[in-house]
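Heads up, the thing below is written out as structure tokens.
Here is how names work: the chains are called A, B, and so on, in the same order as the sequence lines, proteins then strands, and each is numbered from 1. Atoms considered below: every heavy atom in the structure, side chains included; atoms not considered: hydrogens, waters and symmetry mates.
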Amino acid sequence: MAIPDGDPCFSRSEHAILRAFGAEALPGGAPGAPGAHEIDLAPTYERLFRAADPLALWGMRAYLRTIEFLPVLLARERVPFSRLPARARRRFVAAWDDSPLMPVRLAFMVLKATVGMAYTSHPAYAAAIGYSSDCLHEERPLGPVPVR
Amino acid sequence: MIIDLDDVHSDLTETADVCIIGSGAGGAAVARELTAAGASVIMLEEGAYYRRADFNRRLDHMIPLLYRDLGLTTALGFPSIPVPLGKTVGGTTTINSGTCFRAPRPLLDGWERDLGVAGVGGGALDPYYEKVEERLHVQPVKEDLLGKNAELVRRGARALGLHSEPLRRAVTDNCRGCGVCCFGCPSDAKMSVNLSYIPAALERGLRLFTRCLALRLLVENGRVAGVEAGFVRRTQDRPERFLRVRARTVVLAAGAIYSPLFLLSHRLGRARGQVGRNLSLHPCSRVTALFDETVEGWKGVPQGFCVDTLRDEGVMLEGIQGPPALLGPLLPFSGRRYQELVEAAPRLAAFGVMIKDSTRGRVRRLPGRRPLVTYFMNRDDFGRVLRGIGLLVKIFFAAGARKVFPPLHSLPEVSSPEEFERRLDPDQSPADLEGMAFHPLGTCRMGGDPSRSVVDPEGECRDLPGLYVADGSVLPSALGVNPQMTIMAVAARIGERLARRGA
Ligand SMILES: Cc1cc2nc3c(=O)[nH]c(=O)nc-3n(C[C@H](O)[C@H](O)[C@H](O)COP(=O)(O)OP(=O)(O)OC[C@H]3O[C@@H](n4cnc5c(N)ncnc54)[C@H](O)[C@@H]3O)c2cc1C
Ligand code: SF4
């Protein structure tokens, strides 16, 4: 079933996992460009996943929960992903990104692409790199479409 | 007349000569032929009708509106390949790059000679192509719209003595090179069928139902008798209202993933087992390069230029830049190095590789109107992709790139063409590739042999009289070039012949 209008797609703790991943994938640092955790990407995730197949949303939520609890089993620190110390989280993400197993890498890419898209669509990033879609030629008034 | 979900307050029953399912390249071409001949036509489109004012150039706003499942439809295999599809009036043409090619003449001759697709060989499709080209305003991209990305590729190709040229596109003189063609053209310049064919058909009486999902065929006395549809906000939602269309002819044009799915859900074609098979994808990938100079690759037509030196080997290099939000998510690395690259976006150039594939995948049906698409790229095809990547690496370095990022997990960054040659493992598995695909074709293939085809050369389904298929799914093999024009030419031919027979 689709998410009823008004209800969020992700819970607060799921947004926290996305933010923690964002802090690792896109930590910011250079002058002007904020890190993914420093801008509010939650509305973008909500907008994207509201349009998704409910099964895809369900899959994403289950996937986020798995990420959250994997370090409890696998990392030395035995705490959830969103509470891992920065260095340990970095190690965890790097191992995941570098996995020789294609399905593991694919799972990583799905999350990285989601966070990367939300981040690179954000006006704060556009401002930092000087992107504008106003392009090569001046805006000009547009006439009717010439249908042949 | 356009009737949207929000206009409907009770269940409806309508009658027409022909009911078309899907408003993309194929469906629009059929609708235009039939309405021009005076037929009464109803078109059902699952997506909504968006206009210029809706296209705000932000990917994170446009993808949920215009793409099916956020563009994440995926062909599972090694590698798994995303196959984005449009779900809106105009279908995938509304979100495509607008590049126009005719299929190579020898290929069409082969379809007629070897596969029994009568009426496409020997130049028979030319008049249809001409009509499509005229209506879509097809013309080469103007020099002042190519942008720096294309300029760099031209510089590199020239240094290596390779042939390169501007592509031909479906576009009016309103194009301003804003680079967001795949997210709805905000200038009404790209002549996707929502702007060209559908308005012309509406003027001639087309009744277009939007956010209206075709659910099942009505069958009477062994012949198609219409379609039952439901008005939905999202594909998986329960319909809010129903529409019953009575029509003696139904044209299925839901695209190469959803047309076979629709047939499979009716258990059509099961005896011959051909429905959903024979999927070709034209797998693609992208090579990115870092320059010292400013590129601002988002300025200009994203797919305005090509290098066609390897075309006879089934490898095309075509532009693929666009806004940074298209480039960013697919750059290599994570953490600090990823951040650096993302911030270097103004100095990044990118270009695409597309191959004519010999691999064949399959569309199967999962519960809940979901397709299961599988595609295991063979080594020949992977070799071809690698040739294209290798050539692009050379082109970028010849143009002065500082670093090049091939789309290979085992080789994400190189500093020279020699390093690429040296480090490339020829035995690497295709799973190493980060691929994409934009041209699914062939899953309801047309042909003369009933045991090897889903529809006959007129487009009529072999298992249900009165049901026609007219979209990318009927093209029997990969083209090696962008397919929209060929889909439209073949669909126009199907529509014209239906009209002649008084459909
Ligand atoms: C990003 C991108 C760029 C591309 N660039 C180019 C290019 O430059 N040049 C080129 O030649 N090709 C390009 N293509 C491919 C080209 O656009 C497609 O091959 C072509 O549009 C396919 O036409 P079609 O009629 O088969 O299906 P589509 O155009 O996909 O239309 C199918 C329609 O059917 C609707 N539908 C499906 N099921 C139902 C149902 N049950 N009920 C009601 N409606 C339904 C869908 O919502 C959709 O609108 C590109 C594709 C993509 C994704
Ligand atoms: S580049 Fe041209 S065709 Fe593409 S979106 Fe901009 S104006 Fe439209």
Atom of A/Arg105, atom of B/Asp432 and distance for their closest heavy-atom approach: NH2-CA, 4.2 Å
Top of B/Arg58, B/Arg370, B/Met191, B/Glu296 for chain A proximity - count of heavy-atom pairs under 4.5 angstrom: B/Arg370
Contact class of A/Leu26 relative to chain B, heavy atoms under 4.5 angstrom: both
Most contacts with chain A, counted as non-hydrogen pairs under 4.5 angstrom, among B/His137, B/His61, B/Arg68: B/His137
Interface moiety of B/Arg233 toward chain A, non-hydrogen atoms closer than 4.5 Å: neither
Part of B/Val180 within contact of chain A (heavy atom distance under 4.5 Å): side chain
Contact origin within B/Leu70 toward chain A - heavy atom pairs under 4.5 Å: side chain
Counterpart residues, ring pair (Phe, Tyr, Trp, His ring centres under 6.0 Å), relative to A/Phe10 (two or more places apart): A/His15, A/Phe49
Minimal non-hydrogen separation, B/Glu343 against A/Ala33, with atom names: OE2-CB, 3.0 Å
Chain A interface, residue from B/Pro324, B/Pro412, B/Pro64, B/Ala344 that has the most non-hydrogen pairs under 4.5 Å: B/Pro324
Heavy-atom side-chain proximity of B/Tyr338 to A/Asp97 below 4.5 angstrom: no
Chain A contact via B/Arg135 - side chain, backbone, both or neither, heavy atoms under 4.5 Å: both
Min side-chain heavy-atom separation B/Ser334-A/Phe108 under 4.5 Å: yes
Side chain / backbone / both / neither for A/Arg90 at chain B, heavy atoms under 4.5 Å: side chain
Check: B/Gln339 side chain, A/Gly28 main-chain N or O, donor-acceptor pair, under 3.5 Å: yes
Portion of B/Arg369 that has a non-hydrogen atom of chain A nearer than 4.5 angstrom: neither
Side chain, backbone, both or neither of B/Phe333 within contact of chain A (heavy atoms, under 4.5 Å): backbone
Portion of B/Glu340 that has a non-hydrogen atom of chain A nearer than 4.5 angstrom: neither
Taking every non-hydrogen atom, the tightest pair across A/Ser99 and B/His409: O-NE2, 3.7 Å
Residue, of B/Ala431, B/Ser429, B/Gly368, that accumulates the most heavy atom pairs under 4.5 Å with chain A: B/Ala431
